[in-house]
Amino acid sequence: MSTNQFDKKSEAWSALFSEPMSELVKRYTASVFFDKRLWQADIAGSLAHAEMLAAQGIIGAADLASIQQGMAQITSEIEAGNFEWKLDLEDVHLNIEARLTQLVGDAGKRLHTGRSRNDQVATDVRLWLRSEIDLIIPLLGELQGALVDVAEKNVDVILPGFTHLQVAQPVSFAHHLLAYVEMFSRDAERMVDVRRRTNRLPLGSAALAGTTYPLDRERVARSLGMVDERGEPQVCQNSLDGVSDRDFAIEFTAAASLCMVHISRFSEELILWMSQNFGFVKIADRFTTGSSIMPQKKNPDVPELARGKTGRVVGHLMGLITLMKGQPLAYNKDNQEDKEPLFDTVDTLKDTLRIFVEMVGGQLNPATGVKEGGITVNAVAMEEAAKKGYATATDLADYLVKKGLPFRDAHETVAHAVKAAVSHNCDLSELPLAVLQGFNASIEKDVYECLSLRGSLNARNTLGGTAPAQVLHQIARHRQRLA
Ligand code: ARG
């Protein structure tokens, strides 16, 4: 046991200071109450560093053993909730180091050899974020799976596709949902890509310039799993850059923002579809709330909140990127401000993904083995809506083109037909053949097939189109990809 372990952070550096830090400054500069959630990464980084120091003969084997034993005890104290986090010790790093020294004496004081809090914190944040990305990627997979499940049941359900929120052309509801599957699959790709650049080791950069001790940085990288696909250790190659940049956190928050934007667009559609004016879908009651005054209300609070929380995550992206912009090399205390936005981005994204997985796909009923309570679809309402707004007008134009008309002329001809239908208050498909032939003599009886919603869908049978044959092909592709 050492007698001179430090209890206050001023004691962690030196006798140089002639007065203690004021209470106000202590609170202002401390991060322990939010950065303590990095504790596992901090201990893992310290253990890898200590093991390397011993292997390089920089500290003795006995010191390493003491550090390992002390860290094991600290781990159980934190897990049991009886580790005393001290504001006086500023951050997670000094808290853990001080407790280690209290427990194992001089060995604890040797841990910081060849290391600085600057490379330590950069390592911790990277390790922590890596483990969070490893939770987010499977959640994105689950959400895609839930959407594919709903799509599979709705290949032949037709709803109006919109541009400018005006009825445009009929589409399969499955096709519409699969558009989101594409977005979330790109979000997952981005996460994989961000993970690669996050998974690089700053330790060994020390304060900013590297260190005089013969560290084996690649050994530390390997023991922390900071390796590429081929198992090659990934180490930040410039000490100034290693301690100071947070671009990996910014990139992650940008990827998270895009993902939230996709969720927000989907939320906006759910909210529209659930309104009485559409009546296309229902979500389970547990994702809605009532009104304190209007007894008939069921409000889509979950999608609305998700749409709202998107603003918060995009705000964090702005915060982080602005945090970086004026900083000279190398580490500056500004970087302590990276944590709260990053933590909140991770928490918000994970919670939102989890809730959407369940809201879309439902919850497994263990008694029946069937998922219950996902999105319910009102196919009749969707199809009725698709019949309004002359959604098959383009099909009539395409029909005329196949009869030899130039597309621009066909477009004009159909505009006249739509005008006639509007004045008769009927759909194009309800105009008698003779009336249609009045617009172009080449029109024959088979025109009614192309004016039908199903005919319109079936006709769009090119790669990426909404024809059920194409949609089934995409479902199969996603199933294989997600398996
Ligand atoms: N709590 C600090 C942070 O989050 C740790 C690094 C402090 N380094 C320093 N030189 N003051 O950035």
Side-chain angles (χ1 to χ4, degrees), residues 6-14 16-17 20-22 24-46 49 74 78 83 85-101 109 111-132 198 200-211 236 238-250 252-253 316 319-347:
F6 51 92
D7 283 329
K8 297 193 172 51
K9 76 170 164 180
S10 53
E11 293 163 18
W13 24 94
S14 77
L16 187 66
F17 294 79
M21 200 178 249
S22 84
L24 196 58
V25 173
K26 232 185 257 173
R27 286 200 174 277
Y28 195 71
T29 54
S31 55
V32 62
F33 293 112
F34 53 84
D35 71 14
K36 65 182 176 193
R37 70 188 279 182
L38 296 174
W39 70 270
Q40 273 166 313
D42 194 68
I43 290 177
S46 288
H49 179 68
I74 291 172
I78 297 175
F83 185 91
W85 298 101
K86 294 181 183 147
L87 179 80
D88 270 337
L89 287 167
E90 188 178 310
D91 59 22
V92 60
H93 323 291
L94 292 180
N95 267 272
I96 290 178
E97 195 189 332
R99 178 67 181 141
L100 180 72
T101 302
K109 291 197 237 163
L111 172 62
H112 213 51
T113 314
R115 186 177 78 166
S116 150
R117 272 191 302 157
N118 299 350
D119 56 347
Q120 186 178 358
V121 69
T123 303
D124 290 4
V125 175
R126 284 171 181 266
L127 288 174
W128 177 84
L129 184 58
R130 181 185 72 183
S131 64
E132 295 297 327
T198 300
R200 290 178 190 163
L201 182 79
L203 263 187
S205 303
L208 74 163
T211 175
C236 298
N238 180 295
S239 59
L240 296 164
D241 177 49
V243 291
S244 69
D245 211 333
R246 296 292 182 268
D247 54 359
F248 64 95
I250 296 172
F252 168 80
T253 311
H316 292 325
L320 284 176
I321 205 160
T322 312
L323 177 68
M324 229 41 258
K325 73 173 272 295
Q327 286 193 51
L329 292 180
Y331 176 87
N332 302 282
K333 185 79 168 180
D334 312 41
N335 282 336
Q336 184 164 290
E337 287 290 306
D338 64 355
K339 288 169 201 65
E340 286 163 292
L342 186 62
F343 294 166
D344 189 67
T345 297
V346 164
D347 293 341

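Note that ligands are numbered from 1 as they come in the structure, with each ligand's atoms numbered from 1 the same way.
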**Student:** Distance to 0.1 Å, residue and atom name: give those for the protein heavy atom nearest to atom 11 (N) of ligand 1.
**Tutor:** Arg117 NH2, 3.5 Å
**Student:** A cation-pi test, strictly: NZ or CZ of Arg37 under 6.0 Å from the centre of the six-membered ring of Phe343 and no more than 45 degrees from its axis. Yes or no?
**Tutor:** yes
**Student:** Does Lys339 approach ligand 1 within less than 4.0 angstrom via side chain, backbone, both or neither, non-hydrogen atoms only?
**Tutor:** side chain
**Student:** Do the side chains of Phe252 and Thr198 get nearer than 4.5 Å, heavy atoms only?
**Tutor:** no
**Student:** Quick one: which residue pairs count as a side-chain hydrogen bond (donor to acceptor under 3.5 Å, both in side chains) with a foot in residues 239-250, not counting sequence neighbours?
**Tutor:**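 Qualifying pairs, neighbours excluded: Arg246-Asp338.
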**Student:** What are the two closest non-hydrogen atoms of Arg117 and Leu94, and how far apart are they?
**Tutor:**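 The answer is NH1-CD1, 3.7 Å.
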**Student:** Out of Gln336, Glu337, Gln120, whose heavy atom is nearest to atom 2 (C) of ligand 1?
**Tutor:**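 Looking at heavy atoms only, Gln336 sits closest to atom 2 (C) of ligand 1.
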**Student:** Examine the side chains of Asp91 and Gln336 and answer whether a donor and an acceptor come within less than 3.5 Å of each other.
**Tutor:**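 The answer is no; no qualifying pair exists.
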**Student:** For atom 5 (C) of ligand 1, what's the nearest protein heavy atom and its distance?
**Tutor:**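 In this structure, atom 5 (C) of ligand 1 has Asp91 OD2, 3.5 Å as its nearest protein heavy atom.
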**Student:** What about Asn118: any of its N or O atoms under 3.5 Å from an N or O on ligand 1?
**Tutor:**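 Yes, there is a polar N/O contact under 3.5 Å.
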**Student:** Going by distance only, is there an N or O of Lys333 that falls short of 3.5 Å from an N or O of ligand 1?
**Tutor:**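 No, since none of the N or O atoms of Lys333 sits under 3.5 Å from an N or O of ligand 1.
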**Student:** Enumerate the atoms of ligand 1 whose separation from the nearest heavy atom of Ser31 is less than 4.0 angstrom.
**Tutor:**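 This gives 1 (N) as the contact atoms.
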**Student:** Side chain or backbone, does Tyr331 bring an N or O within less than 3.5 Å of an N or O on ligand 1?
**Tutor:**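 Between Tyr331 and ligand 1, an N or O pair is found under 3.5 Å apart.
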**Student:** Look up atom CG in Leu320 and atom CD in Glu340, then write down how far apart they are to the nearest 0.5 Å.
**Tutor:**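 CD of Glu340 is found 11.0 Å from CG of Leu320.
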